[in-house]
Amino acid sequence: MAPRKHGTRGNLKRKSKSIKHPQLSKREKKEIKEFGELDPLSSGVNPKTRYTKVADHIENEKVLESESSDSSEEEVDAYQQLVASVNGNQHNNVIESDEESEDDEKTNGTQDMTASEGEEDEMKDEEEVVTSGKAYDEGSEEGDDIDEEDESDEEEEEEILEKEDVKEDYFIKECDPFVVHFETELSEDFVEGLSKKEKWKREEIKVKNVGHGVLTCPKEKCHLENVRDIEEEDDLKNLYVKHKLAEGVENANRKLCKVQNLKRGASLTPFQASLFRVLNKYQDVYYPERSHLNGEEIRLVYCLHALNHVLKTRSRVITHNTKMKLKQQNADTEEYRDQGLTRPKVLIVLPFRDSALKVVNIMMQLLMSSDQSIVSNKKRFQTEYGDEDPPNRGVNKPEDFEAIFAGNIDDHFRVGLGVAKKTLKLYTKFYASDIILTSPLGLRTIIGVEGEKERDYDFLSSIELLIFDQADIFLMQNWEHITTLMAHLHLQPREAHGTDFSRVRMWTLNGWSKYYRQTLIFSSLATPELNALHNRHCCNYAGKVAVNRKDTRGTICHIVTQLPQVFHKLPASSYAELADVRFDFFLKKILPNHKDPVMSQTLVFISSYFDYVRIRNYFVREDLEFAQINEYSSDKTISRSRGEFYHGRVHFLLYTERIHFYRRFKLRGIHHIVFYELPRYPQFYSEICNMLQDNRKQTDKENLTCTVMYSSFDAQRLADIVGTDRAARMLSSSKKVHMFVTGENS
């Protein structure tokens with residue numbers, strides 16, 4: 001076995017450990033060292049008897065019983081404890097942390113001391129211990145070099161809950177949605193009904209400061225009736241938030257979310273408070289109104305909810321461990337089923353590394369309200385997930401583009417987080433993690449495909465909180481990764497992973513985890529893919545809330561060019577035949593008119609890459625003059641295609657939505673536009689149309705045209721572009737062609 005590493009103060013640690021005081025806990029030693037005496041509330045009481053016991057009887061849960069009165073024979077004189085402690089600690093100035101045993105057993109890497117706010121230069125004087133090692137990251141198949149004991153945060157450290165935590169735990173026993181939701185045992189008949197559509201009911205609701213929406217819940221009585229109505233409550237502690245987290249919310253909101261309009265005494269904005277109240281009921285939420293303006297406010301809310309969930313889970317486990325130790329002779333293990341098949345409880349799916357960095361910064365700010373807080377691998381994380389060299393963009397880009405692509409935009413990452421009351425561990429093994437941050441691609445490379453030997457997805461078996469942030473960007477990456485993730489959730493693990501099955505919840509063993517999982521989807525768009533994700537994969541027995549997009553006048557109002565726009569309605573009777581109907585309509589009705597030399601320099605905007613390939617192959621077979629720009633084109637190809645199109649050497653330019661999403665080119669030389677399909681992002685429609693106005697090149701405005709194809713299945717896209725009212729009239733009208741004229745004379 002490799003020798004232990006003790007760092008520069010290893011001898012002091014070894015010397016202090018040579019004198020054992022079985023009657024003193026770490027907290028008592030610290031109190032004696034700092035104040036010269038024990039806490040009066042706990043002085044003279046045997047540590048084994050200071051646990052506060054929660055009554056086991058359901059009818060009398062509000063009574064706390066103490067078991068400290070029967071152990072007076074084991075008490076130790078406080079003066080003797082003081083003398084023994086001072087003699088043993090007079091040369092020991094090292095504050096022991098929760099990670100001391102891990103740091104001592106490191107065989108690889110170095111030990112860094114990192115301050116919480118950029119004070120790395122004073123590492124020797126700080127109390128943040130930074131460990132090193134590998135995790136499931138960047139495709140690595142190895143975990144951290146942390147001892148296997150780290151797979152359980154309660155470990156063997158004999159941690160004693162503070163009295164405040166015990167009171168919190170007792171209080172939430174009865175009315176906290178966390179306890180009510182996860183400790184409610186469902187009947188088999190009720191679970192069978194959840195898979196039947198007729199067993200659910202829908203109703204229109206209005207969430208104050210959030211918007212109108214639809215609540216879908218089981219017809220039978222739901223446990224939420226037992227949750228006290230707190231619609232107007234703003235105090236986070238009354239919303240069952242852990243007190244340590246509630247103390248850091250206001251500072252995090254002002255510092256990281258740049259929120260300045262907080263009411264006096266409030267930690268959250270009215271929008272954040274209303275959204276948190278919905279999340280805190282453990283219902284599934286689909287919110288398609290996310291933007292770069294409210295994105296950080298939403299991020300703080302779900303980070304607060306995730307940390308609150310993890311800390312409550314941990315407190316619950318530690319409380320039950322304590323109770324089991326106090327009554328080992330007749331412990332009722334059936335009562336203490338508080339765990340899953342694996343440890344990870346929260347999975348947050350994000351598009352880029354910069355998003356993960358912002359999530360971790362918020363979590364650190366929420367957890368680091370205490371002076372003695374520990375962050376592991378902070379420096380390494382900031383190096384790998386921090387800002388890359390800013391790209392040389394040359395021209396100004398839209399505001400939403402700058403917000404999305406700021407910082408590190410690598411889309412292949414995954415990292416595990418271990419959370420304790422005063423500790424945040426980064427780069428932990430997945431099976432020793434409470435929270436997992438990942439991108440769709442980063443998770444897919446671990447899940448693998450059928451037949452691979454080293455694929456792994458057991459850590460997804462007990463996810464209780466699933467969060468998709470910036471979900472619309474996943475459509476621009478690869479949506480198949482999301483469907484693969486959903487297919488591998490809550491599968492039976494292939495290995496035990498050190499699970500104590502006597503502590504596993506019965507509904508987990510029954511395979512009902514998906515009915516308890518809360519799924520949160522935050523997106524700037526409402527698309528069929530996201531709607532299907534919410535409708536098909538969100539089976540929460542507490543119900544699910546889908547917020548409606550607000551009525552809009554459409555992005556067509558942002559077009560400044562005088563431009564006639566002709567909308568053609570496709571005669572598609574089903575979504576399955578829509579692709580073929582659109583292609584045939586384009587070949588027979590649209591393309592012949594635009595082949596005319598008068599219609600030269602026509603831009604064909606294509607939303608789907610599969611449609612792009614289909615049209616490109618047809619153009620090649622017909623030997624048409626065209627250039628192409630797509631997401632896989634090299635910079636050299638893009639430059640050549642733009643030049644050929646601008647100078648009129650090619651008749652058509654095929655242009656995909658994904659390349660516009662990632663690059664936002666300002667194309668020049670466009671005289672005519674064909675939208676083969678309405679763009680997913682409504683702002684792209686006005687951006688493309690405004691490209692017809694070229695101040696450097698004089699064009700005949702009377703010859704500019706725009707042609708659009710749409711179907712009844714594009715209702716949401718159409719509403720975002722032409723406006724809610726106009727879209728409703730167009731879809732219900734018997735006319736197949738509609739025209740709009742925008743610009744100064746419209």
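The closest side-chain heavy-atom distance from Asp354 to Phe405 is not below 4.5 Å.
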- Task: For Thr742 and Gln565, run side-chain hydrogen bond (donor to acceptor under 3.5 Å, both in side chains): C-alpha distance rounded to whole Å, both residues' side-chain angles, the deciding distance at 0.1 Å, then the answer.
- Result: CA-CA 8 Å; Thr742 59; Gln565 302 153 58; 2.9 Å; yes
message: Evaluate Phe585 against Arg582 for side chain to side chain contact (heavy atoms under 4.5 Å, CB included), listing each step before the verdict.
response: CA-CA 5 Å; Phe585 190 89; Arg582 179 182 287 111; 5.8 Å; no
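Between Tyr685 and Phe567, the ring-plane angle classifies as tilted under the 30° and 60° cut-offs. The aromatic rings of Phe583 and Tyr618 stand perpendicular to each other, their planes meeting at an angle above 60°, with 30° marking the opposite boundary. Relative ring orientation between Phe586 and Phe619 is described as parallel, the plane-to-plane angle staying below 30° on a 0-90° scale split at 30° and 60°.
Between Tyr609 and Tyr612, the ring centre distance stays below 6.0 Å.
No side-chain donor-acceptor contact under 3.5 Å links Thr555 and Gln683. In this structure, a donor-acceptor pair under 3.5 Å is absent between the side chains of Glu677 and Ser608. Ser524 and Asp472 share a side-chain donor-acceptor pair at under 3.5 Å.
Separating the NZ atom in Lys358 from the SG atom in Cys303 is a distance of 12.0 Å, to the nearest 0.5 Å. Asp596 CG to His651 NE2: the interatomic distance, rounded to the nearest 0.5 Å, is 7.5 Å.
With a 6.0 Å radius and a threshold of 12 heavy atoms from other residues, nucleotides or ligands, Glu577 has its CD atom above the threshold.
The pair Glu529-Arg680 counts as a salt bridge, with a side-chain nitrogen and a carboxylate oxygen less than 4.0 angstrom apart.
In this structure, Arg494 satisfies the cation-pi test against Tyr457, with its NZ or CZ atom closer than 6.0 Å to the six-membered ring centre and inside 45 degrees of the ring normal.
In this structure, the side chain of Thr519 does not engage the main chain of Cys538 through any donor-acceptor pair within 3.5 Å. In terms of modelled atom types and a separation under 3.5 Å, the side chain of Thr438 and the main chain of Leu443 share a donor-acceptor contact. Side chain of Glu296 to main chain of Lys258: no donor-acceptor pair is present (N/O by atom type, distance under 3.5 Å, no hydrogens or angles). Under the 3.5 Å distance criterion, the side-chain polar atoms of Arg414 are matched with a main-chain donor or acceptor of Gly442.
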